[in-house]
Number of protein chains: 2
Amino acid sequence: MSVTLKDVAQAARVSVSTASRALTGTGLTSERTQQRLVRIARELGYRPNPIARGLKTGQSRLVALLVHNLTNASFQVMAEVVQARLKALGYQMLLCIGGDDPQAESDTLTTLVDHRIDGLIVVPTGKNGAQLETLSKDVPIVCLVRRDDATDLETVLADDPQGAYLGTRHLIELGHKRIGLIVGRQDTTSGRERLSGYVRALREAGIARDDALIHAGHYVPETGATCARKLLDLRRPPSAIFVANHEATLGVLRVTAERNIAIPGDLSLLCYEDMPWFEWHRPAISIVDNGARDLANLAVDRLLHRMDAKGNSKGNGSDGVREYRVGARLIQRDSCRRIDATAPARSAKSKPSSSKSSAAKSAKV
Amino acid sequence: MSVTLKDVAQAARVSVSTASRALTGTGLTSERTQQRLVRIARELGYRPNPIARGLKTGQSRLVALLVHNLTNASFQVMAEVVQARLKALGYQMLLCIGGDDPQAESDTLTTLVDHRIDGLIVVPTGKNGAQLETLSKDVPIVCLVRRDDATDLETVLADDPQGAYLGTRHLIELGHKRIGLIVGRQDTTSGRERLSGYVRALREAGIARDDALIHAGHYVPETGATCARKLLDLRRPPSAIFVANHEATLGVLRVTAERNIAIPGDLSLLCYEDMPWFEWHRPAISIVDNGARDLANLAVDRLLHRMDAKGNSKGNGSDGVREYRVGARLIQRDSCRRIDATAPARSAKSKPSSSKSSAAKSAKV
DNA sequence: GCCATTTATGCAAACGATTGCATAGAGCTT
DNA sequence: AAGCTCTATGCAATCGTTTGCATAAATGGC
């Protein structure tokens with residue numbers, strides 16, 4: 001069907017091996033035949049067959065990205081970044097969707113390795129550590145966004161403690177003392193880490209932690225709605241809510257709309273992770289950007305490094321670092337407002353906050 | 001490294017060919033050796049090498065999906081659907097992102113064919129018709145969402161004329177007579193078709209078309225905002241706006257928020273295509289669902305059909321149909337309201353509408 | 001100008017599967 | 001029991017590359 005190396009060799013009246021060497025650039029070929037072959041190959045429209053090549057070399061020029069879904073905005077940009085980077089290097093991306101399901105993840109991993117992928121970037125479910133560990137002997141693997149504690153695979157993570165800290169501190173600096181937190185389940189790393197950042201910021205500002213203000217749940221809109229209701233129903237509701245996940249934000253927004261709570265007038269809202277419509281929303285929603293682009297780029301860097309190392313068989317490409325943290329940053333839009341320490345908003349009974357009046361200190365930062 | 005067919009054959013003390021036949025099920029093998037080999041293969045953890053198999057059979061068990069981006073919600077669900085369907089059939093999906101760029105599309109197509117993909121579902125840019133046409137001789141191709149007029153490839157399309165008609169009629173039935181339309185560029189099929197559905201619904205209801213109410217532009221938020229402003233600045237602004245694209249909806253919502261226009265109190269809003277947050281938004285946004293799921297499923301069906309036909313070499317799998325239309329449907333939520341024909345909303349000078357008073361007729365439908 | 005060295009080429013064996021063809025038995029018929 | 005068919009197996013070629021090894025050609029040193 002298509003033109004093969006043999007055809008090119010015949011046309012040039014050389015052997016297939018010479019043709020191969022000339023076109024791949026490897027090995028010894030005279031300048032002249034080299035150029036002649038390149039020309040002839042071009043004229044004939046020769047395109048190497050990656051399958052045949054792969055059979056011999058054990059490589060496929062395929063790199064897989066395994067994420068949980070595509071509805072998550074972070075995964076979308078990661079997929080786009082990874083695809084773009086890989087494509088520029090002549091790799092094709094195999095995008096797989098695992099749905100955060102260990103069984104699906106396991107199956108997919110098997111298939112991918114069958115296909116002799118050259119590398120893998122995976123957002124692990126955390127339940128297939130052993131398998132990942134085994135596979136990593138055959139193919140370079142980098143974990144993304146989540147760590148699989150059962151492995152010591154190289155992992156690129158968002159700096160969730162810092163992100164949550166940054167966001168919380170921002171709210172504190174705006175004068176908020178009662179800050180509601182809607183966070184992920186505490187059996188996930190990100191859930192725990194975001195809580196810890198929040199707690200640290202409070203502690204630094206000398207604000208006592210109030211567990212009534214902290215709610216955890218799955219990263220879905222329903223959680224956001226439920227937790228928001230609980231927070232707003234408090235005898236002394238928070239003046240700001242930090243939603244540590246973008247899906248949950250949907251639920252929070254619905255509740256505030258239902259109850260006619262003005263943002264940021266009655267309530268400041270800060271959100272973790274960006275969504276494309278956040279800046280179009282009125283008010284535009286301030287966020288802590290988890291740096292999805294940077295995460296993806298770094299993961300690709302690390303993967304390429306390992307793939308390279310493997311190719312040259314200089315070790316496994318580990319540079320001794322197991323965990324990379326990508327910094328989060330605050331993007332201020334219009335959903336958080338400075339509040340006057342003396343006039344708490346919407347609180348039924350406005351007895352003085354229990355915090356140690358660190359408002360002045362933090363406000364001037 | 002991994003266990004090959006040869007290993008299995010040796011362990012079972014048969015030839016490689018027997019092993020192959022037993023495991024693939026093809027050809028003649030005695031019941032006993034067949035089962036024995038299956039057992040041994042399982043024990044040894046044998047997994048066929050798709051690359052080696054592909055070299056011989058010319059197949060790869062890879063099917064590519066080429067879309068413009070992943071930020072578009074429709075493409076997201078399509079990608080998820082295609083992935084899920086293919087996976088169940090033992091195929092891996094190669095997801096490629098072309099960015100609606102002809103050059104990128106062309107490059108990607110070449111690479112994909114090099115990789116001997118077994119099938120391709122593509123949202124064409126419309127600029128690489130010749131290439132697609134050529135490729136379709138080697139590999140089954142189905143176009144999705146957009147038609148490439150330079151080809152006669154089988155194409156699965158949304159029924160945009162019907163969808164736009166449905167949406168417009170819904171608004172008319174609610175009593176609206178001045179319905180603004182924000183639609184895609186008129187040099188795209190979808191832009192033209194959505195306009196035509198709108199026009200037909202008006203005509204049927206005996207409402208005169210008013211070009212001041214019709215605005216076209218790119219499918220981006222900015223367009224939505226600009227067009228919304230133009231519409232709302234009219235001397236007699238529309239009582240409803242039909243936004244024929246979800247990206248543009250962002251812009252419209254921003255403008256209505258800025259101007260403090262209540263939805264659906266002051267203005268009814270109907271949108272084309274769904275986004276995950278539409279139902280969480282307050283008011284929940286009514287939409288015309290373009291049927292992304294159905295589109296993707298049908299595209300997969302057709303592709304499989306063609307792949308099957310090719311495998312059995314019974315023609316090219318064309319069933320004579322070149323174009324499939326997937327019906328749109330209306331999903332009513334809370335952003336459209338019935339208006340009283342006698343009291344036009346927010347219009348400065350409320351002279352009677354120019355329509356031939358078909359309100360009664362359409363309202364009772 | 002001859003031998004040693006380098007450089008360029010070709011031959012043929014891989015890679016791991018599939019598959020047409022040949023053949024060795026098993027089972028039947030007569 | 002001979003002849004026949006039919007089934008189960010093995011042999012070997014093949015898919016399109018890459019690559020180790022052998023060899024031919026070219027170069028250089030003396």
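Here is how names work: the chains are called A, B, and so on, in the same order as the sequence lines, proteins then strands, and each is numbered from 1.
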Residue pairs involving residues 36-49 of chain B (criterion salt bridge (Lys or Arg N to Asp or Glu O under 4.0 Å); sequence neighbours excluded): A:Asp114-B:Arg47, B:Arg39-B:Glu43
Counterpart residues, side-chain hydrogen bond (donor to acceptor under 3.5 Å, both in side chains), relative to B:Thr4 (two or more places apart): none
Residues in salt bridge (charged side-chain N to carboxylate O under 4.0 Å, His left out) contact with B:Arg146, at least two apart in sequence or another chain: B:Asp100
For A:Asn128, side-chain hydrogen bond (donor to acceptor under 3.5 Å, both in side chains) partners two or more places apart: A:Glu105
side-chain N/O B:Ser15 vs D:dG10 OP1/OP2, d < 4.0 Å: yes
Side-chain N,O (B:Thr57) to OP1/OP2 (C:dA17) below 4.0 Å: no
Nucleotide D:dC15, atom C1' - distance to NE2 of B:His115 in whole Å: 17 Å
Options C:dT18, D:dG10, D:dC15, nucleotide nearest the side-chain atoms of B:Leu5: C:dT18
Sole residue of B:Leu66, B:Val67, B:Val82 in side chain to side chain contact (heavy atoms under 4.5 Å, CB included) with B:Leu95: B:Val67
Non-neighbouring partners of B:His68 that pass ring pair (Phe, Tyr, Trp, His ring centres under 6.0 Å), sequence neighbours left out: B:Phe75
Protein-nucleotide distance (B:Arg116, atom CZ; D:dT17, atom C1'), rounded to Å: 12 Å
DNA chain D contacts among residues 33-53 of chain A, heavy-atom distance under 4.0 Å: A:Tyr46, A:Arg47, A:Pro48, A:Asn49, A:Ala52, A:Arg53
Between P of D:dC15 and CG of A:Asp7, the distance in whole Å: 11 Å
By side-chain hydrogen bond (donor to acceptor under 3.5 Å, both in side chains) - contacts of A:Ser106 (at least two apart): A:Gln131
Where at least one partner belongs to residues 99-120 of chain B, residue pairs that pass ring pair (Phe, Tyr, Trp, His ring centres under 6.0 Å), sequence neighbours excluded: none
Nearest-Å distance for atom pair CZ/C1', residues A:Arg21 and C:dT9: 7 Å
Atom-to-atom span, CG of B:Asp114 to C1' of D:dG16 - whole angstrom: 13 Å
Residue closer to the 5' end of DNA chain D, A:Lys56 versus B:Leu55 (nearest nucleotide): B:Leu55
Terminal axes of the helix from C:dG1-D:dC30 to C:dT30-D:dA1 (five pairs each): angle between them, nearest 10 degrees: 40°
Under the salt bridge (charged side-chain N to carboxylate O under 4.0 Å, His left out) test, residues paired with A:Arg147 that sit two or more places apart: A:Glu323
Heavy atoms of other groups near A:Lys127 NZ, more than 12 under 6.0 Å: no
Partners passing salt bridge (charged side-chain N to carboxylate O under 4.0 Å, His left out) against B:Arg85 (at least two apart in sequence or in another chain): B:Asp301
Whole-Å gap separating P (D:dA26) and CZ (A:Arg32): 11 Å
Separation of atom CG in B:Leu23 from atom C1' in D:dT9, rounded to whole Å: 15 Å
A:Ser20 side chain near D:dT18 phosphate (N/O to OP1/OP2, under 4.0 Å): yes
Sugar-phosphate, base or nothing in reach of A:Ser17, heavy atoms under 4.0 Å: base
B:Glu154/B:Arg302 ion pair, N-O < 4.0 Å: yes
B:Thr24 side chain near C:dT18 phosphate (N/O to OP1/OP2, under 4.0 Å): no
Atom pair distance, as rounded to whole Å: CD in B:Glu31 and P in D:dA8: 9 Å
Protein-nucleotides 23-27 of chain C N/O pairs under 3.5 Å:
none

